[in-house]
Amino acid sequence: MVLPAIRQPLTWRQAVFNFNAWKSRAHGTTVGPSPTKILYGSKSGTVIKQGLGRQAFGLCRKEAAAINPVHTASVFSRRYYCAESGGVRVRFAPSPTGFLHLGGLRTALYNYIFAKKHGGSFILRLEDTDQSRLVPGAAERIEDMLEWAGIPPDESPRKGGPYSAYQQSQRLGLYQEAAQTLVANGAAYHCFCSPQRLELLKKEALRNRQTPRYDNRCRHLSPGQVEEKLGQKQPHVLRFRLEEGVEPFQDMVYGWNRHEVATVEGDPVIIKADGFPTYHLANVVDDHHMQISHVLRGTEWLISTSKHLLMYRAFGWEAPTFAHLPLLLNRDGSKLSKRQGDIFIEHFALAGYLPEALLDIITNCGSGFTENRIGRTLDELIAEFDMTKITTHSALLDLEKLPEFNRIHLLRRISNADQRQALVKDLQVLIEREYKEQLTEKDVLRTEYIERSLQLRKGHITCLQDLVSPAYSYLWVRPSVPRDQLLKVSPEVDTISKLVLELVENSVLTTEKLSAELKGLQKKTKGTKYGAVMKVIRLALSGQQQGPSVAEMIVSLGPREVSERLQRVLST
């Protein structure tokens with residue numbers, strides 16, 4: 001398996017070895033200038049790939065070395081070391097300005113899968129530099145939900161790790177040092193423009209139907225002017241100096257990209273007046289110092305990547321490899337919104353949806369796997385993941401299908417002995433919470449009783465909460481059915497009750513055997529039709545006119561509980 005490039009590809013004089021040039025030498029022909037291409041190292045360190053966009057040609061190490069031995073050795077050694085040493089390091093870096101939602105879970109999942117596919121590490125880093133928008137408790141809940149989903153980070157604020165701290169608000173000194181480095185080498189400068197001036201610039205641009213942008217006024221201040229203003233302790237920010245001539249980069253999903261940000265944007269702020277960094281500086285500094293090899297993030301950051309690459313160049317650092325994931329949208333193509341309360345992961349957890357069902361549906365609607373099929377486990381997702389199969393098309397999420405995904409994964413859990421025991425405990429909690437003082441018989445909380453109910457209803461229920469809905473209340477609470485209601489169905493209520501009592505006392509309770517024997521009860525009455533016989537039994541046992549088969553009801557309740565309920569009918 002060929003491992004994707006560990007770091008941003010290096011270029012040789014802006015154009016590396018050209019496959020056609022190599023081929024022409026072999027055949028004695030000539031070719032024109034080669035376009036810029038990219039080299040990838042393989043896991044074995046013996047194959048190098050090149051190509052425009054997503055196309056690639058093979059080139060052995062020996063042939064590449066013949067063209068440029070110095071660069072070939074450098075590229076091969078770095079790629080080989082990172083691949084063999086488990087050097088893949090990816091990060092999920094949400095802002096705790098809200099709770100984890102489906103879009104964030106999907107980004108985290110792709111990072112987790114990519115890391116585990118290549119034996120690497122998955123890091124959670126909280127980008128909490130926007131202090132005004134922080135939501136209390138959000139940072140802790142984000143990590144809680146990743147653990148609930150079964151994709152826990154290897155390094156995080158909670159777990160720690162070799163690159164602590166994993167919250168940006170605790171790394172301010174690092175960003176200040178990095179920013180001063182940029183100021184010292186001329187790549188950043190102090191900006192003293194007031195908020196009022198910036199607002200006027202914005203209004204003027206909008207009035208002229210232009211995109212608002214900073215006019216880079218302060219980049220032209222002389223060193224003396226800067227020192228004077230700093231001496232007067234004037235409020236200021238630090239801005240990064242955007243330059244034209246951005247080098248193209250190859251995104252693992254979108255292919256070759258380049259955005260001349262200097263022609264459409266003003267110089268961006270990298271350190272705010274409060275001393276906190278902006279996203280652009282902090283994410284570049286953190287990715288470098290945490291040795292992030294691949295950045296998998298949403299496609300909304302694709303345009304900003306050229307800006308980030310300018311920062312890497314200004315620092316003299318090698319950039320990671322980028323992969324921008326297409327958006328996750330509603331099935332009608334509209335954006336998922338945090339205002340939709342039902343897109344938060346906690347909503348699904350509280351509603352009884354299983355984490356594996358959520359992981360299944362958010363990958364099933366997109367791309368990046370050898371095939372799309374319902375019912376995949378996390379291990380199967382990792383095994384079937386193929387980065388080259390991620391397309392640029394947005395993933396359309398149909399949440400109306402989630403109950404079916406959950407039904408399949410719940411059936412699998414019920415069928416697994418260990419996982420079933422966990423479900424029993426969860427259901428015990430739900431029963432006590434839902435019915436409280438109505439639970440006159442604690443026997444219904446016995447493990448054997450609940451486990452039997454789960455086994456009989458597997459494949460029929462879509463989530464565990466279904467079993468505490470009114471439709472299944474008869475499993476936990478004895479019904480109170482007026483005798484008059486039963487007599488309206490058949491005057492032979494007592495006869496039918498005695499026949500069923502005799503049946504459950506002398507029969508091994510299986511749904512198949514009971515179904516056959518129940519059909520013979522009608523012949524022992526004085527004329528009550530089979531349908532009416534079943535209706536009487538159903539009402540007496542559950543107080544309901546619909547539900548599972550009578551045979552299944554009897555098996556679920558068990559001989560003792562069936563006897564108790566029918567004896568109550570006979571005594572009224």
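Below, each value reflects all heavy atoms present in this structure, side chains not excepted, and no hydrogens, waters or symmetry copies.
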Legend entry - Residues D154, K159: salt bridge by 4.0 Å N-O rule: no
Inset, instruction - State, with a plain yes or no, whether a side-chain heavy atom of L350 is found less than 4.5 Å away from one of F344. - result: no
Legend entry - Closest non-hydrogen atom pair between K389 and S367, with its separation: O-CB, 3.4 Å
Inset, instruction - Output yes when a side-chain donor or acceptor of D360 lies under 3.5 Å from a complementary backbone atom of R376, and no otherwise. - result: yes
Inset, instruction - Check whether the side chains of D332 and S334 place a donor and an acceptor atom closer than 3.5 Å, and report yes or no. - result: yes
Inset, instruction - Would you please test D443 and Y449 for side-chain contact (heavy atoms from CB on, under 4.5 Å) and show each step? - result: CA-CA 8 Å; D443 278 356; Y449 182 88; over 6 Å; no
Would you tabulate the side-chain donor-acceptor contacts of residues 480-501 under 3.5 Å, counting partners in other chains and residues two or more places apart, or write 'none'?
unit_1	atom_1	unit_2	atom_2	d
R483	NH1	D494	OD1	3.2
R483	NH1	V569	O	3.1
R483	NH2	D494	OD1	2.9
R483	NH2	D494	OD2	2.9
S490	OG	E492	N	3.1
S490	OG	T528	OG1	2.9
E492	OE1	K526	N	2.7
E492	OE2	K526	N	3.2
E492	OE2	T528	N	3.4
E492	OE2	T528	OG1	2.5
S497	OG	V493	O	2.9

Legend entry - Sidechain N-carboxylate O distance under 4.0 Å for E143, R141: no
Inset, instruction - Evaluate the side-chain proximity of W476 to L439: yes if any heavy-atom separation is below 4.5 Å, no if none is. - result: yes
Legend entry - Beyond-backbone contact of V468 with L475, side-chain heavy atoms, under 4.5 angstrom: no
Legend entry - Residues R373, E384: salt bridge by 4.0 Å N-O rule: yes
Legend entry - K458 side-chain N/O to S415 backbone N/O, donor-acceptor pair under 3.5 Å: no
Legend entry - Minimum-distance pair of heavy atoms, taken over all atoms of A108 and L146: CB-CD2, 3.8 Å
Legend entry - Sidechain-backbone polar pair: Q522 side chain, K519 backbone, donor-acceptor under 3.5 Å: no
Legend entry - is_close_aromatic(Y279, W301), centroid dist under 6.0 Å: yes
Inset, instruction - For a side chain to side chain contact (heavy atoms under 4.5 Å, CB included) with H294, tell me which candidate from H118, M252, R89, R91 qualifies. - result: M252
Inset, instruction - Report yes if some heavy atom in the side chain of I362 is under 4.5 Å from a heavy atom in the side chain of L105; otherwise report no. - result: yes
Legend entry - Any Y166 side-chain heavy atom under 4.5 Å of P157 side chain: yes
Inset, instruction - Report yes if some heavy atom in the side chain of Q428 is under 4.5 Å from a heavy atom in the side chain of T447; otherwise report no. - result: yes
Inset, instruction - Run the salt-bridge test on K401 and E404 with the 4.0 Å N-O cut-off and return the result as yes or no. - result: no
Inset, instruction - Without swapping roles, check the side chain of N330 against the backbone of G333 for a donor-acceptor pair under 3.5 Å. - result: no
Inset, instruction - Grab the two heavy atoms, one from Y163 and one from R171, that are nearest each other, plus how far apart they are. - result: O-NH1, 3.1 Å
Legend entry - Closest non-hydrogen atom pair between A165 and Q170, with its separation: CB-OE1, 3.2 Å
Inset, instruction - Return yes if some donor-acceptor pair links the side-chain N/O of R452 with the main-chain N/O of S556 below 3.5 Å, else return no. - result: yes
Inset, instruction - Determine whether E432 and L445 make a side-chain contact, defined as any pair of heavy atoms from C-beta on separated by less than 4.5 Å. - result: yes
Inset, instruction - Would you please say whether a donor-acceptor pair under 3.5 Å links the side chains of T299 and Y254? - result: yes
Legend entry - Backbone of S169 reached by a side-chain donor or acceptor of D128 within 3.5 Å: yes
Inset, instruction - May I ask you to decide whether R412 forms a salt bridge with E356, counting only side-chain N to carboxylate O separations under 4.0 Å? - result: no
Inset, instruction - Answer yes when D144 and R158 have at least one side-chain N-carboxylate O distance shorter than 4.0 Å, and no when they do not. - result: yes
Legend entry - H324 and T305: side chain donor to acceptor below 3.5 Å: yes
Legend entry - Donor-acceptor side-chain pairing of Q168 and D286 below 3.5 angstrom: yes
Inset, instruction - Would you sort out whether I345 and F99 count as a side-chain contact (heavy atoms from CB on, under 4.5 Å), showing the intermediate values? - result: CA-CA 8 Å; I345 306 307; F99 298 105; over 6 Å; no
Legend entry - Closest non-hydrogen atom pair between P152 and Y112, with its separation: O-CE1, 3.7 Å
Legend entry - Face-on cation placement of K116 at F114 ring, 6.0 Å and 45° thresholds: no
Inset, instruction - Indicate yes or no: does E561 engage R565 in a salt bridge with an N to O separation below 4.0 Å. - result: yes
Legend entry - Test salt bridge (charged side-chain N to carboxylate O under 4.0 Å, His left out) applied to E300 - qualifying residues, sequence neighbours left out: none
Inset, instruction - Mind telling me whether F92 and F122 have parallel, tilted or perpendicular rings, with 30° and 60° as the class edges? - result: parallel
Inset, instruction - Please answer whether the main-chain N or O of Q544 pairs with a side-chain N or O of S542 as donor and acceptor at a distance below 3.5 Å. - result: yes
Inset, instruction - Find out whether V533 and L518 are in side-chain contact, i.e. whether some heavy atom of one side chain is under 4.5 Å from a heavy atom of the other. - result: no
Legend entry - T511 backbone acceptor or donor facing S515 side chain under 3.5 Å: yes
Legend entry - Expected output: side-chain S164 to main-chain G161 donor-acceptor under 3.5 Å: yes
Inset, instruction - Could you tell me whether D386 and K117 have a side-chain N and a carboxylate O separated by less than 4.0 Å? - result: no
Legend entry - Reported CZ-to-OG distance for the pair R125 and S95, which is rounded to 0.5 angstrom: 12.0 Å
Legend entry - Closest non-hydrogen atom pair between I361 and D398, with its separation: CD1-O, 3.6 Å
Inset, instruction - With sequence neighbours excluded, give me every side chain to side chain donor-acceptor pair (under 3.5 Å) pair touching residues 460-470. - result: T462-D466
Legend entry - Main-chain N/O of N364 paired to N372 side chain as donor or acceptor, under 3.5 Å: yes
Inset, instruction - Could you give me the CA-CA distance, side-chain angles and deciding distance for Q421 and E451, then say whether side-chain hydrogen bond (donor to acceptor under 3.5 Å, both in side chains) is met? - result: CA-CA 8 Å; Q421 293 308 308; E451 192 169 1; 3.3 Å; yes
